[in-house]
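Here is how names work: the chains are called A, B, and so on, in the same order as the sequence lines, proteins then strands, and each is numbered from 1.
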Amino acid sequence: MQQISELIEAKVLELFAIEARVDLTRPEEQYGDFATNIALQIAKQLNKNPREIADEIASSLHHDEIFKAEVAGPGFINITLSDQGLLRLANQETAKGREGAVVVIETNNPNPFKAMHIGHAFNSILGDTLANFLEASGAITHRVSYHGDIGLHVGKSMYSLLRFVEGDAGKLDTVRQEDRNSFISRMYAEGSQAYKEDPSAKAEIDELTKQSFTREDTLYSAVYQKVFDWSFEQIDINVARLGNKPIKRRFLESEAESSGVSMVRDNVPDVFQESDGALVFKGSEHGSFDNVFVSSRGTGLYAARDLGLIKLKNEQFHPRRSYIVTAEEQRSYFVGVIAAAELCLPDTNGQTLNISTGTVKLSTGKMSSRDGEVVEISWLFDQIAEAIRVRGGEPDEALIAGVLRYEFLKVRIGSDVVFDVNEAVSLQGNSGPYLQYAHARARSILSKKEPSTDQISELSEGERSLVRKISEYNVVVIRSIEELMPHHIANYLYELAQEFNRFYENNRVIDDGRQDVRLNLVNKYANTLKNGLDLLGIYAPESM
RNA sequence: GCGCCCGUAGCUCAGCGGAUAGAGCGUCUGUCUUCGGAACAGAAAGUCGGCGGUUCGAAUCCGUCCGGGCGUACCA
């Protein structure tokens, strides 16, 4: 493909003395394998009819044996490769645009002391997938996580927990392991409600929140530690169930806090200024908004912690790039935090990038969750498993994760995801299971007979369509990885699987006269699909 | 008010300077004694929010208006 572009560029230079950049696109199949609009682009400066220009270029290209060139429409040059040329294209390797660069990326950040919900799942899956992309492009990738182990949500949970244990932390042992998820979730919900409705509870919770920073009281500390451990046990389980790869280092807000607050103090008044007793960063001068980093009480706020976290990551990894995936409401906030960090730590300049996602909204369909506010991840797992069972399938973990991953990865990063459980769980059409099924089907054929020959001379129409689609893989993947936009791959893989299913309907493989050729193509297809699914972190099953 | 994001088929979304605007779901009609039907083929359905502009060419770029979301100092 690169050669074809260069060939045409050379012809344009030769015929018209113009140095132009020729971009090839993949047009609809009826037009050929590649197309370029170069004639339309240079028509004006040549003051010539674009079709004439296209004709000249096209006829000069005709000699080459690997393709034919035709002019169509207002002046497009459509290029069709020989079957051999197309097949060769289907075998290329992907490029390594980040070879050797050290990068850090947060791949999950649910908080302990409260339930993990669907929004956490979204960010986790996205972060993990982008980490796959970074790795695929050759970067030395460190997956990390970041969690809020201090603050108001801890106070709320501790309020209910201390009531539950009635002075004896040992009472927590009566909670069975399989109930811990919902137990933690209930404790938080109750504390949250009390905080809202009962002024005396609110005062108590504020006090318990302060204690989350120090944890000096022995009962508090014992309860805290136990539920902290449970929380991470559950977080690890749930994150793994999403299909995420393990993280290298877990960061906590408490450690980021101490690092961040001292950093802020050290940079007064150059970076931060005192205002009403608080330490403030004038983000409005840096494309953000003025924001308090250290409160007038002297405690670090969220921004100070994020600042400290940037420092900790830099010290530990010295990354070329550090990625933080968050919801869009934090977009402008992070512009400020990153600007402040770069002023305090000049060697982190250009290092930290905030990728902001849309929000997960719930459709108005039959969406039930215990408190009506959030959809807990464990509930969602159950719903998907049930849907698979209803269909007569085995709800193994890989399938469940595939449903969620694909649902979140198929939309462009930044746009909102309206999550409809019923639809996600329908397992039909443009869905994770469709792709997994399309893979299992192909592998099923291959398990009956192995492909032998790699000698393919001529392709039938249906075969050629499949090869044509396979040959698009590299371009799509390179673009997707470069832009860190998973949806390009997701959409491509769906089209690829559709193409295969079409092929499958009309082309008998085993015991057909063209068995050897077709086995080879099925093998190519299955490997291509698997590679793509691997990048998305979706398991490609041999059977299901 | 100011800043950022978004308005594409009934619904959910791709397409982000080019050839008749695509897909899934939903609706309607078919295929079906299957190398695994979680499939395939087809139909109906769109003033690409409105209006201007740039361009040989605009859903795509620019302006403006309308409509929605988020943010806008001691929450996270």
Next on the checklist: Mind checking if A327(A) touches a base, just sugar-phosphate, or nothing, with heavy atoms under 4.0 Å?
Outcome noted: nothing

Review item, nucleotides 56-62 of chain B N/O atoms under 3.5 Å of protein N/O:
residue : atom : partner : partner atom : Å
C56(B)  : OP1  : K44(A)  : NZ           : 2.0

What protein N or O atoms touch nucleotides 43-45 of chain B N or O atoms at under 3.5 angstrom, if any, and at what distances?
none

Checklist outcome for this item: In B/S/- notation (B base, S sugar-phosphate only, - none; protein heavy atoms under 4.0 Å), nucleotides 7-14 of chain B written 5' to 3' is -----SSS

Next on the checklist: Between G53(B) and A58(B), how many Å separate the two P atoms, rounded to a whole number?
Outcome noted: 12 Å

Next on the checklist: What's P27(A) touching, base or sugar-phosphate or nothing? Going by heavy atoms closer than 4.0 Å.
Outcome noted: base

Item to check | Spacing between R331(A) atom CZ and G71(B) atom P, to the nearest angstrom | outcome: 14 Å

Checklist outcome for this item: In B/S/- notation (B base, S sugar-phosphate only, - none; protein heavy atoms under 4.0 Å), nucleotides 34-41 of chain B written 5' to 3' is -BBSBBSS

Checklist entry - With Y333(A), which residues qualify under ring-ring contact (aromatic ring centres under 6.0 Å, His included), at least two apart? => result Y302(A)

Next on the checklist: Work out how far the P atom of U60(B) is from that of U8(B), and round it to whole angstrom.
Outcome noted: 13 Å

Next on the checklist: Just to be sure I understand the rule, does Q330(A) reach a base, reach only the sugar-phosphate, or reach nothing, if contact means heavy atoms closer than 4.0 Å?
Outcome noted: base

Checklist entry - According to the interplanar angle, ranging from 0 to 90°, do the rings of F228(A) and Y224(A) count as parallel (below 30°), tilted (30 to 60°) or perpendicular (above 60°)? => result parallel

Checklist entry - Can you find a donor-acceptor pair, distance only, under 3.5 Å between N78(A) side chain and A19(B) base? => result yes

Checklist entry - Using a cut-off of 4.0 Å on non-hydrogen atoms, how would the nucleic acid contact of Q30(A) be classed: base, sugar-phosphate, or nothing? => result base

Checklist entry - Rounded to whole angstroms, how far apart are CG on N354(A) and P on C5(B)? => result 14 Å

Item to check | Salt bridge present between K313(A) and E106(A) (N-O < 4.0 angstrom) | outcome: yes

Checklist entry - Base, sugar-phosphate, or nothing: which does T25(A) touch, judged by heavy atoms less than 4.0 Å apart? => result nothing

Item to check | Nearest-Å distance once atom C1' is located in both A41(B) and G46(B) | outcome: 23 Å

Item to check | Intra- and inter-strand pairs of RNA chain B in dot-bracket (Watson-Crick or G-U wobble, both distances under 3.5 Å; | for another strand) | outcome: (((((((..((((....[...)))).(((((.......))))).....(((((..]....))))))))))))....

Next on the checklist: Using whole Å, what does the distance between atom C1' of nucleotide C74(B) and atom CG of D206(A) come to?
Outcome noted: 14 Å

Checklist entry - Hey, does Y302(A) reach any base, or is it just sugar-phosphate, or nothing, if we go heavy atoms under 4.0 Å? => result base

Checklist entry - Reckon R479(A) touches a base, only the sugar-phosphate, or nothing at all at heavy-atom distances under 4.0 Å? => result sugar-phosphate

Checklist entry - Under a 4.0 Å N-O cut-off, is there an ion pair linking R479(A) with E482(A)? => result no

Checklist entry - Less than 6.0 Å separating the ring centroids of F76(A) and Y31(A)? => result no

Item to check | Base A73(B) paired with S295(A) side chain (donor-acceptor, <3.5 Å) | outcome: no

Checklist entry - Counting any heavy atom closer than 4.0 Å, what does A43(A) reach on the DNA or RNA strands: base, sugar-phosphate only, or nothing? => result nothing

